[in-house]
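One structure is given below, encoded as structure tokens.
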Amino acid sequence: MRDASARMAEQARRVPWAHAGLGLALLLLGLIAVQVWRDNRAAGETAEWALHTQTVLSHAGEFEALVSHMEVKQRGYLISADPRLLVQRDALAGRADVLLSRLRELTRGDAARVQLDAAADLLARRRVQADQEAVLATSEGLPAARALFARSNSFEPIRLALQDFRHDSEELLQQRTRSALEQADALHWTLVTSGIAALVLLLVAGGAIVLQLRRLLAAQHANRELTTSLQAQAAQLAGTNRELESFSYSVSHDLRAPLRHIHGYAQMLEEDAAEVLAEEPRRYLSQIRSSARQMGMLIDDLLSLSRLGRRQMSVEPLDMVAVVRTALADLDAPAAAIEVQALPMARGDAALLKQAWVNLLSNAIKYSAPRGAAARIVVQGHEDDDGIVYQVTDNGVGFDQRYADKLFTVFQRLHSAEEFEGTGIGLAIVHRIITRHGGTVHAEGTAGRGATFGFRLPYQFSEGED
Amino acid sequence: MEHRLPADPAADSGAPVEILLVEDSAADAEMTLRTLKRRGIANRVVWVKDGVEALEFLSGQGRFAGQPAGRPRLVLLDLKMPRMDGLQTLQHIKRDPDTRAIPVVMMTSSREEGDLIESYREGVNSYIVKPVDFGEFAEVVTQVGMYWMISNQAPA
């Protein structure tokens with residue numbers, strides 16, 4: 001029994017660890033989920049950037065194409081002086097402007113923007129010059145215009161700037177993509193290790209908890225079996241007890257009649273043969289009678305002890321002082337020698353407790369009788385943490401404290417029958433009554449000085465078994 | 001077996017039986033009869049050993065056939081007897097209108113609450129527990145006898 005409960009206690013201590021493990025696993029899983037979500041967002045962002053950069057690059061390409069066409073138209077004009085080419089050139093310029101402004105928007109805050117601005121700047125300057133070439137062509141003729149064109153061609157730089165712009169944009173994209181990939185890689189490992197860790201923790205904790213549950217169920221099962229067998233044993237015990245008590249009752253009962261006969265015939269013999277019997281034989285008869293009487297008292301006491309175990313208790317709140325007084329009324333005692341102090345109330349069976357008081361008080365009276373008029377008996381009571389304590393203190397012959405535990409057993413006496421009459425069952429009766437009330441008895445004595453006998457009743461009444 | 005007080009001629013001549021003692025133990029019967037005699041409580045006592053004989057006496061049948069139905073002034077009844085025990089005997093006596101008025105005193109070793117209650121329910125007039133001490137026993141028998149034979153008033 002102890003082994004099983006020790007194991008259960010140990011497992012109860014391990015459970016918080018298993019639960020902690022489980023919690024940790026769940027936490028890790030949560031973290032993994034968060035990471036996956038963030039990774040997803042990052043991937044989305046990277047895709048957006050790629051798309052964005054694609055758009056920028058395609059616009060830039062288109063832009064470069066337009067600018068090239070513009071240059072072609074200009075050069076064509078410088079060759080043919082066809083004013084339609086200028087018109088076409090301006091139309092292209094319009095589209096280029098739109099594209100440029102769109103590019104500007106797209107690359108706002110971009111590192112590559114610098115290149116774009118440079119290119120835009122160069123384009124603006126070229127257009128100014130192109131316009132100058134056109135003016136020169138109409139005012140001074142084509143050769144002059146061509147000479148101006150040849151002197152400072154600002155077209156190539158535009159292309160280069162645009163190329164740089166494209167290059168930078170591409171590089172930016174590559175950087176972004178690369179770092180995203182690196183993060184993904186790192187995340188990948190984190191996920192794998194966290195995942196494994198979480199899985200392991202789950203398995204271990206889950207396994208521990210499952211084992212715990214299994215053991216708990218097994219313990220419960222064992223417990224139930226134990227309870228059943230205990231109940232069976234208790235029932236058996238109760239049955240045996242009942243048999244024993246009815247047996248002791250009928251035995252005591254049947255012993256009475258022959259005892260009566262022994263006593264009766266001894267006395268009748270003594271009466272009838274008084275004249276012919278000498279003193280010794282008459283004394284023998286007297287001894288027969290006295291022993292029969294003693295045995296009768298023993299039987300009576302055994303009977304009342306056995307009856308105590310069988311009676312139904314009727315429990316009610318009691319004024320203990322009143323109970324003590326009814327007990328005193330049953331005894332021949334000069335009330336003056338007995339002081340009854342204020343006693344706390346208690347719950348119990350009035351008749352049984354009265355019997356207990358009768359026994360305690362008659363003991364006190366009996367054993368302090370040698371003191372004569374100086375005999376003092378005090379009945380007192382008080383409440384403490386564990387219950388209500390009642391006591392009878394006398395200044396009689398007392399007893400040796402060393403033998404105190406024998407006092408409450410049946411037929412145990414610490415004084416001989418010659419010194420003090422009695423069967424040694426009075427205290428056993430008190431013990432049984434108090435035990436049935438769920439209480440305890442106690443005794444203290446000093447040989448030659450006096451004794452205190454008492455009992456404690458619990459605050460909460462619960463019937464006890466002997 | 002009948003016990004009669006010797007040297008009392010009136011007792012032989014069908015003087016009324018004053019006490020019917022119903023007791024199965026010869027020793028208890030002897031002690032009771034001795035006391036009744038010594039203390040001069042009753043002139044004539046009839047002793048029967050169980051309830052069957054007691055009823056036979058009260059109805060003038062069986063062992064007592066040919067005699068008039070007995071009408072003692074007191075029945076001393078033991079509880080535990082063979083054939084018919086005290087309670088059954090008490091029932092018969094108390095349920096028969098002819099014998100209901102006869103005082104019945106239960107004298108027994110038993111102080112069982114159940115026996116007490118049953119006896120009173122059947123109408124026993126008194127219930128005595130026999131003491132072990134003979135002196136006390138004699139005292140009780142005397143008191144009971146004196147009470148029912150002398151103090152108590154009964155219809156003629």
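In what follows, every chain begins at residue 1, and chains take the letters A, B, ... in the order their sequences are listed.
- Atom CD of A:Q236 has 12 or fewer neighbouring heavy atoms from other residues, nucleotides or ligands inside a 6.0 Å radius.
- Salt bridge status for A:D272 with B:R38: present, with a side-chain N to carboxylate O gap under 4.0 Å.
- Interface residues of residues 129-138 of chain B toward chain A, defined by a heavy-atom distance below 4.5 Å and sorted by number: B:K130, B:P131, B:V132, B:D133, B:F134, B:G135, B:F137.
- The environment of CD in A:E280 is crowded: more than 12 heavy-atom neighbours from other residues, nucleotides or ligands sit within 6.0 Å.
- One distance of note links CE of B:M31 with CE of A:M268; it measures 6.0 Å at 0.5 Å rounding.
- Residue B:S25 touches chain A through its side chain alone, counting heavy-atom pairs closer than 4.5 Å.
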Can you list, pair by pair, the side-chain donor-acceptor contacts under 3.5 Å of residues 146-153 of chain B, counting residues two or more places apart and other chains?
| from | atom 1 | to | atom 2 | distance (Å) |
| --- | --- | --- | --- | --- |
| B:Q153 | NE2 | B:S151 | O | 3.3 |

